[in-house]
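Input: a single structure, listed below in structure tokens.
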Amino acid sequence: MATILIIDDDKDVCESLAEALELFDHDCEVAYSGEAGIALAKSNRYDAAVVDFGLPGLSGVETIRALRVEHQDLHCILVTGYLSEQIEEQGTQSGASAIISKPFKLATLQDAIQAVKARS
Amino acid sequence: MDLGTDRVPTNTSFARNGIWQKLIRPNKKLGVLIFGAALILMTTTVVMGLSIWILYESAYQRERSRLIGLAQSQARAIEDLARTEKQTDEVGSSDRTLAQVERLHEQYADLGGTGEFVLATRQGDQIVFLMSHGRSENAIPKPVAWQSVMAEPMRRALTGLSGVVVALDYRAVTVMAAYKPIPSLNSGFVAKIDLAEIRGPYIKAGLVSGLGASVIIVLGLMLFLWVSGPILERDVLASSLRENEQRFQDFAQSASDWHWELNPDLRYTFVSDTVTHITNRQPDWYSNLTLNDIIDRHFDRDEWQPFFDAFDARCAFNNLVVRRVDVDGSEKWISLNGLPVFDAEGNFECFRGTASDVSEIIKIQESLRRSEARFRDFAEAASDWFWETDAGHTYTDVSGRFTELTGIPVQDMIGRNRHEILKRFTSNLPKNEVNPLQINIRDMEAHRSFRDLEISWERENGELGVFLVSGQPMFDENQKFLGYRGAGRDITQHKRAELELEKSEKRYLEMFNRAQVGLARTRISDAKVLEANEQIARIYGYESREDLLTRISPISHWINPADRDRVLGEGLRSGGVSHSEVQHVRNDGSKIWVRLSASYYPELGYIETTNVDITKEKEVEAALGRMNEKLEELVAERTAELEAAQADLVKQERLATLGQLTATVAHEIRNPLSAIVNSVAVIKHKCREAGIDIQKALDRTQRSIDRCNNIITELLDFARAKGHQPKPGVLDAWLASVLAEIEIPDRVTVRSNYGTEGLVTSFDQEELRRAVINVVDNAWQAMVEDKSGESDTLLTVSTSIVDRSVEMTFCDTGQGVSADDVHRILEPLFSTKQFGTGLGLPTVQRIMERHGGGINIVPNEPNGACVILTLPISDGEVI
């Protein structure tokens, strides 16, 4: 079980993902922007954050970078609908623990969460 | 006196005025007398001659008869005697007969002066005379040759003939002879007489009677003339007077003049008939009129004053011309001559004279005066001046135009001698200049004509003028020299223009000779070069222009006669040729290119050409042409490259745009897909918990989501615009790892055959991986989708090095690619698969092209297809 912060501007994505992760007994909170996510992270502790690449305002990469500055033990998973080398490189540089292309299988995300938890 | 103008028709023949008539007329009577006398004499002579001839003919016939009788009787007698003597005693009978005949003939004394009997025989070729009787010498003639023309009568007698003939006797004298043969004596007998003896009396009688008759006739005529002479002379004189009168009457009638006679009272006493033809009045009409009556009717009395003066002074007058106006208003001019006639005592009897119609002459004179005036006006108005000198070369007339041209008053010329003029007006000329006038003096002294003599003449204002002067000598009917007439023309302006033209021509010639282009003038008729400059000589390889003019044959310099015909034809049609480029041959045989321009002057008969040697220009042009061709090839090549690059750029740009679009679309679609995937997972979990069996539906949903995601992935791969990042790698090993990574169904057998033997070359591994995956996926999908199920499902992967490239070949045993599809299979969105996007192979092609390689699809025997990916081996790579 883990506490997971889901940051995505698409509410359906956020809710469906939170609902699906709860099937794996994870506690999920959602934020619809980078800034909102950062604010939640300040007041709460999360095991992992699933951050969408294309966020309004602070981008996904910038959000991860900010979260990682404040919460070095927070594992961030960058998800994107268009995975390219450039995005992969940016995500890695920002401190993302894993980069997953949308639409991902729930098992893939679960594996990633397990992996980062194991690393921590 | 009434006067007229009609002429009287003449009836006088030319013969009557002939020389022969003049000669014969005074001796006409004498001639008649002589002719009569001659006629009488001739008649008398004929009559006498005829009479004498008749008498002679009678005597001749009589003598002929006599000779015949004598010859017959004598011959018969001799024949009888001979026959008798022969009967008596044959021996010596001939001699006896001859002796008796001689005796008998002695009885015939009357044979006439030349009468003769001759007896002869033929002995061989001779006529031998036996006896001759009658002639005074009475000797026996000498023998005559048988062939001789003499003794013709005897020859006939000896040949047995008898008759009469006029022929030559043995003496060669013409005789009348009767001949007879005497057979018994074998001889012939001839009785003859000289023809002259027969004729002699008659000739004498004719001569005597003719002479006598002539004398008598002449004497008679002389007597006649002596008696009738005075009578004849009077007749001749009267006849001559009549003829003269008739002649003068004829003259008067036929003359254009008429004659008149006025008595002291000025009354007409005679008017000749010819006046009728002029006034339609008979001469009698004038008999009751005086001269004053006529003057009042038809004339202006003042014009007659000279006549009255002469009449009163009793002196002659000549050529008084008066104007006669007829009743119908028509005018005639009459010329009058007259003289007084006095009797033997010196008393004035009358005035006689002639009058003639001179209207035509007056009209002609008037016309001449007008013509002269007209010509004088022309002369004055003409640009030329006219002059006239007398026999001493002194000017008698100079037209006013002279003053206008020279400023010299005409009065200064008139009365002056030519020498004076020459001295006055040419004294200021340069000493060394020989004035043509001085030369011309010789011509004028010799009275020869001269034409267009060019002289310089100082004008009155000191300015020098140039003039052309012509002159023609005048002679009277006796060829006596009268002077000169001529004309002069001011050509100063013309001369100046000529000098300017000469200067211009000189300048032109200098330019011509110094021109840097070849110039020539060629005669059209025979192509002879008339003029040329040095440059054209250099162009055609002659030593100099003189050398060219001497030796050139323009036709020989044309390589192609058709070119010459074309240039000539075009020039003659249009008057010239401009910048025609032709190839000629030089004097040394080398070929040159010439730019030819020509102007044609057919009226002058020549062509002027400019020739520019453009051989070097042509060579440069040819070189430029070759370079241009190369340049064009290069440009075409570069253009093709540029076009390819541009096309590539366009393609890249398009793909970049497509990539960006695809990335956005992918992101936007993948978000809802992601929500769907998550929701499906939740639904699946909830259903499982609730025991609801919708697994198949959920699986179908999941597959559809996967397909959508694959489409997005392929689109992203095709349009991916990431940078090409080749890195060295061992190709065979890399390919094996990629193949191992690909999920290939178990029923597909994969066989690999790597032939690059550890080749290390540069390639973008990620891109090439995508390419290999696409090719392999296509291959196994083609085999798996093959519904036949009979074909082998074998995928053969091999590598090899061909021409500095690596070929990766993927052969399947699927249904293959049809011939129609093989050209389209690389087109985006073309797919033969049920759910294909049609982007797999185009993505492969794009990736391979980015590597500088390519893709090739060929059939695999016996079935299936082979996809060959070509990857160039980068320089410096080590195998």
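- Tested against Asn678(B) for a side chain to side chain contact (heavy atoms under 4.5 Å, CB included), the candidates Asp12(A), Leu109(A), Leu17(A) yield a single pass: Leu17(A).
- Contact between Glu19(A) and Val682(B) at its shortest, heavy atoms only, is OE2-CG1, 3.5 Å.
- More than 12 heavy atoms of other residues, nucleotides or ligands shown are found within 6.0 angstrom of CD on Glu689(B).
- Using a 4.5 Å cut-off between heavy atoms, Asn671(B) touches chain A through backbone and side chain atoms alike.
- Among Asp52(A), Leu23(A), Leu21(A), the residue making the largest number of heavy-atom pairs under 4.5 Å with chain B is Leu23(A).
- Under a cut-off of 6.0 angstrom, the local environment of CD in Gln86(A) is sparse, with at most 12 non-hydrogen atoms contributed by other residues, nucleotides or ligands.
- The closest donor-acceptor contact from the side chain of Arg670(B) to the backbone of Pro103(A) lies at 3.5 Å or more, if one exists at all.
- Summarising the geometry, atom OG belonging to Ser674(B) is positioned 7.5 Å from atom CG belonging to Asp8(A); distances are rounded to the nearest 0.5 Å.
- Rounding to the nearest 0.5 angstrom, the gap separating the CG atom in Asp706(B) from the NZ atom in Lys105(A) is 5.5 Å.
- Within 6.0 Å of the CD atom in Glu22(A), the count of heavy atoms belonging to other residues, nucleotides or ligands exceeds 12.
- Under a cut-off of 6.0 angstrom, the local environment of CD in Glu641(B) is crowded, with over 12 non-hydrogen atoms contributed by other residues, nucleotides or ligands.
- Rounding to the nearest 0.5 angstrom, the gap separating the CD1 atom in Ile676(B) from the OG atom in Ser16(A) is 9.5 Å.
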